[in-house]
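One structure is given below, encoded as structure tokens.
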Number of protein chains: 2
Amino acid sequence: MVARACYLPAVPRTIDRDARKAKLAEAVWRIIVERGIGAVSVRSVAEEAGVVVGSLRHVFPTRAELLEFSAELMVARATERIQATPLPADLGEAAFALLRHLMPLEQESRAEMEVYIALLAESPALPRLAAIRDEANQQIAQLCGQVVAALIGRPLDDERTVTETRRLHALVDGLALHLLVQPADADTTWATDLVRADIARLIATRSPDSQPAPSTD
Amino acid sequence: MVARACYLPAVPRTIDRDARKAKLAEAVWRIIVERGIGAVSVRSVAEEAGVVVGSLRHVFPTRAELLEFSAELMVARATERIQATPLPADLGEAAFALLRHLMPLEQESRAEMEVYIALLAESPALPRLAAIRDEANQQIAQLCGQVVAALIGRPLDDERTVTETRRLHALVDGLALHLLVQPADADTTWATDLVRADIARLIATRSPDSQPAPSTD
DNA sequence: CACGTGCTAGCACGACTGTGCCAGCAAAGG
DNA sequence: CCTTTGCTGGCACAGTCGTGCTAGCACGTG
């Protein structure tokens, strides 16, 4: 992951490699969103990022590495955005604050979702992408699990927690899909209302004698 | 659509155009499933279908037409399979019999789902695909609507019907997504159980004075 | 200053792409 | 029989693809 600091001895290193990689990954995202995964080539990405192909290939020697890093960075960005969510004191509001990040409600998360779909579509060709997809999926499932456990006041490994987690995860991902295929500027309250309703339903079935702490970070 | 019978006068017409088109579309599906949308080219499809490029292009002059027809046929196949579903007398069982076709539980519906994802990923490049995607989506939404209306015994335009339809649609599509990203031979009962549970929940809230007829065809 | 290295810019190659075009074939109509 | 027509098989072209390779530039370090 890091392996950068051990290079200190004597090197020019003018540019910030990580910033460059991020810039290229973002160019990949833009092309996926605007022109589809089929339009992603080393040349189109280099042009979109404003660098020449040689520079791109200095950082990503092969196209596969470029795509894999782009997918990984997308997952990382989403993860850190969720972890940085300020949690309201109210349990239901805290749950919603977390879950709303799993749906394409803003332009940024819309792009992430679109990249995720492209990742699905290309995973037969680039098997590494399947692993990244699974990792992203598992992280979302874990988040849903913690939210559900906190809402219904039962442990993570409780049978009902597991079932409700799967249901909530499916609901959120299904809504995400439907939000993605509607115009970006269309109304989204119908989806957020459904999530809020499900949160309320889960709270309503809360075990009376349960630990009050959410502990969903 | 048809415009075939008006050709009677005098033509050889040795092959069945529609069968040929279907064979090519199925080749497209296989390549999407096995190698990803990026591997779909006129040459790869022709080889997969066992014809030469010239023959493919005699039926589909351009690659876009090939992809659009493949997507349309996928939607049509799914639609006719659902319409051909025998409906059990029991309301809940009938609902499940319909809804199970919306999830990739068998190899065939798995392929359809995979094609649908590829369709999503490529729709920025081929705008016609976006229309097909919307049409498929609307058909599924309609089916969910009829199922929900029958289950809760309220009219289609009832407010609660609309809300529950959206929820059921999201649940089913989310489960479909999760079933797709798990191995084809993995257990699927967890997903079908969730659908059955939701059907039971909807029936439980059924209005007491409602028309008993499902009328979901 | 000169040296070494990170980086850029670009050429070159072979493979592959979609599509235009045409020669040849088999079969149905006259 | 011959002609017409649907279809096959394939060549060709221009463009794009990923990637190997190299010459030159800019800059941190000695």
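So that the names make sense, note that chain A is the first sequence line, chain B the second, and so on, each numbered from 1. The shown structure was predicted, so the numbers you read here are calculated from the model rather than taken from an experiment. As a basis for the values below, the full set of heavy atoms in this structure was taken, side chains included, without hydrogen atoms, waters or symmetry mates.
Nearer to the 5' terminus of DNA chain D, by closest-nucleotide assignment, is the contact made by B:L56 (compared with the other of A:V53 and B:L56).
Between A:E47 atom CD and D:dG18 atom P there is a gap of 13 Å when expressed in whole angstrom units. The separation between B:D16 atom CG and C:dA27 atom C1' is 17 Å, rounded to whole Å. The interatomic distance linking B:R35 (CZ) with C:dT17 (C1') rounds to 15 Å, in whole Å. Taking atom CD of residue A:E68 and atom C1' of nucleotide D:dG18, one finds them 15 Å apart after rounding to whole Å. To the nearest angstrom, P of D:dG20 lies 10 Å from CD of A:E65.
A:H178 pairs by the ring pair (Phe, Tyr, Trp, His ring centres under 6.0 Å) definition with B:H169, not counting sequence neighbours.
The B:R63 side chain lies nearest to C:dT19 when the options are C:dT19, C:dT8, D:dC21. The side chain of B:R43 lies closest to D:dA12 when the candidates are D:dG6, D:dA12, C:dC7. In the set D:dA12, C:dT8, D:dT8, the nucleotide with an atom closest to the side chain of A:R20 is C:dT8. Considering only the side chain of B:S55, D:dG9 comes nearest among C:dA9, D:dT19, D:dG9. Of the candidate nucleotides C:dT19, D:dG6, D:dT19, D:dG6 has the atom nearest to the side chain of B:H58. Nearest to the side-chain atoms of A:V52 among the listed nucleotides D:dT19, C:dA9, C:dG20 stands C:dA9. Of the listed nucleotides (C:dT19, D:dT19, C:dC7), C:dT19 has the atom at the smallest distance from the side chain of B:V42. When distances run from any side-chain atom of A:S41 to the nucleotides C:dC7, D:dG18, C:dT19, the shortest one goes to D:dG18. Nearest nucleotide to the A:R57 side chain, out of D:dT19, D:dC7, C:dT19: D:dT19.
Judged by distance alone, the side chain of B:R166 and the main-chain N or O of A:A191 form no donor-acceptor pair under 3.5 Å. Listed for the A:E68 side chain is no donor-acceptor partner under 3.5 Å among the backbone atoms of A:L129.
Sorted by first and then second residue, the ring-ring contact (aromatic ring centres under 6.0 Å, His included) pairs involving residues 26-78 of chain B (not counting sequence neighbours) are B:F60-B:F69.
Looking at DNA chain C, the stems built from 3 or more consecutive Watson-Crick or G-U wobble pairs, each pair with its key distances under 3.5 Å, are C:1-28 with D:3-30.
Other residues, nucleotides and ligands contribute only 12 or fewer heavy atoms inside 6.0 Å of the CD atom of A:Q107. Counted within 6.0 Å of CD on A:E47, heavy atoms from surrounding residues, nucleotides or ligands total 12 or fewer; the atom is thus considered open.
In summary, the side chains of A:S44 and A:S41 do present a donor paired with an acceptor at a separation below 3.5 Å, with no hydrogens or angles considered.
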